[in-house]
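Input: a single structure, listed below in structure tokens.
Below, chain A is the first sequence line, B the second, and so on; all start at residue 1. Fair warning: this is a prediction, and the values are worked out from it, not measured in the lab.
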Protein chains: 2
Amino acid sequence: MTSLKAACSQCNLRELCLPYGLSETEIAQIDQLVGARRKVKRGHHLYRAGDPFEAIYAIKMGFFKTDILLEDGRDQVTGFQMAGEILGMDGIGTDIHTCNSIALEDSEICIIPFVQLEQLSREVQALQRHFHQVMSREIVRDHGVMMLLGTMRAEERLAAFLLNLSQRFTARGYSPQEFHLRMTREEIGSYLGLKLETVSRAFSRFQDEGLISVHQKHIRILEAAGLKRLLNHQPP
Amino acid sequence: MTSLKAACSQCNLRELCLPYGLSETEIAQIDQLVGARRKVKRGHHLYRAGDPFEAIYAIKMGFFKTDILLEDGRDQVTGFQMAGEILGMDGIGTDIHTCNSIALEDSEICIIPFVQLEQLSREVQALQRHFHQVMSREIVRDHGVMMLLGTMRAEERLAAFLLNLSQRFTARGYSPQEFHLRMTREEIGSYLGLKLETVSRAFSRFQDEGLISVHQKHIRILEAAGLKRLLNHQPP
DNA sequence: CAAGCCGTTTGATCTGGGTCAATATCGACC
DNA sequence: GGTCGATATTGACCCAGATCAAACGGCTTG
């Protein structure tokens, strides 16, 4: 575990991340707060369900998934997180993490000790506000996933998933059309409530229809409008 | 709209609600904060998707559902809320509510203006802490629903739903075995990602197996252990 | 570069829950 | 107390996606 001192003030993600909307002087205060950086190798846990909760984490670079494991062995991926996004808020409620957070590629995160975050957000109103917004957005995102799992058919789910990834990559300065998936078909399936074969078939069908091109984990979106059309169309 | 002054200090829900864990003097401060009570008649909205966000709401008495409506007409119930629970946190992220909140029976809520809540929680650490816990628990609850929608079969979903309701009624001093559902089969189905016929059939099957007795909206749990067994069993 | 091992694709078949339809029951309102 | 619309139950049939199975491609590793 390497630990460089983090510095939000130097970070090009600050407009996507926790410091969003803060003034220069306020960001300087956050620099104090953010403890250290930590590297997490691909496949390693950032935290596990059951771990005591001490901090939330901002992704400096890399890609994560969170999942929940039931006693009977079934598991569910609850989210994929990329640079600038916040991990660990599941632990605040009970002081114990309730899911696992696993790096899908070699990653680096900033540790934000929670006691100090609360302390500072009692002093810096804009920070308090923004932290509440981050939590609320997580709730709204989860509602979106519930919608997806509860009402959409397989192809709609995958289309929604691809468009969501595309949009998030775009916000980070990458191409909206072209990206490579960090997760396996099985992980996508778990997130979308589908089996990996169904995910694979849906990819193939999208490709046949000329909406995307797929080669393994490499995705190119050829016709975003076609994917969007899938979403707003009622199932038969 | 009737508006009585609320008084957390007098409220028998305070140990379930926002004031949880606060001292007498701190609760007195909350009394200042909580604006007014408001009655919401059965079938009426507390707020709608698109409404500007101004306050969160604590349910004083009654029963609510939240739902999301897609442009194409599909909708999904995202939750059912009962006395002592908090509504409206979906609006914090964007300053606009993202779902509808509808009373399923004549209800009464306490209005907690959000600006003032943030103000006071900058001063009262225990309040800040608890509010963060409430939000985090909402996230964890949503993960549970994702798990349910993503990995469970129809009967498991319904069993989980009944046990969850039972547990929440118990926490409010009602019978764990006997309660009446405030929502229709269709609303249960929407929440659980099932059609109303499937919900109805699952109820009938539970009744045939002697696990519960159902008469319309009246439920009596006869063998909670049997329902729990359904949950921890892997699907074939 | 051969051997293995994942991860992925594709085909064939099966099934849980959706769909469609008919009937039953309840509660609200004249 | 009778009518009507909303809610619930039950049956018959069907299909999207699961399951089972086989083969393939791209890596890592010796």
**Asked** When all nucleic acid strands are considered with a 4.0 Å heavy-atom cut-off, which category describes Ser204(A): base, sugar-phosphate, or nothing?
**Response** sugar-phosphate
**Message:** Other residues, nucleotides and ligands only: do more than 12 of their heavy atoms fall within 6.0 Å of CZ on Phe169(B)?
**Reply:** yes
**Asked** Can Gln177(B) and Ser166(B) be counted as having a side-chain donor-acceptor contact under 3.5 angstrom?
**Response** no
So does [X] pair up with [Y], basic N to acidic O under 4.0 Å?
X	Y	result
Glu108(A)	Arg38(A)	no
Arg42(A)	Asp106(A)	no
Arg168(B)	Glu85(B)	yes

**Fill in**
One would report the end-axis bend of the helix from dC1(C)-dG30(D) to dC30(C)-dG1(D), five pairs per end and rounded to 10 degrees, as 50°
**Prompt:** Rounded to whole angstroms, how far apart are CZ on Arg153(A) and C1' on dG17(D)?
**Reply:** 10 Å
**Request:** Over all heavy atoms of both residues, which pair between Phe64(B) and Ile59(B) is shortest? Give the atoms and the distance, please.
**Result:** CD1-CD1, 3.5 Å
**Request:** Compare side-chain N and O positions of Thr198(B) against OP1 and OP2 of dG18(C) and report whether any pair is under 4.0 Å apart.
**Result:** yes
**Prompt:** Which nucleotides of nucleotides 20-30 of chain C have their base under 4.0 Å from a protein heavy atom (B), which only their sugar-phosphate (S), and which neither (-), written as one string 5' to 3'?
**Reply:** B-----S----
**Prompt:** Near DNA chain D, which residues from residues 180-195 of chain B have a heavy atom under 4.0 Å away?
**Reply:** Thr184(B), Arg185(B)
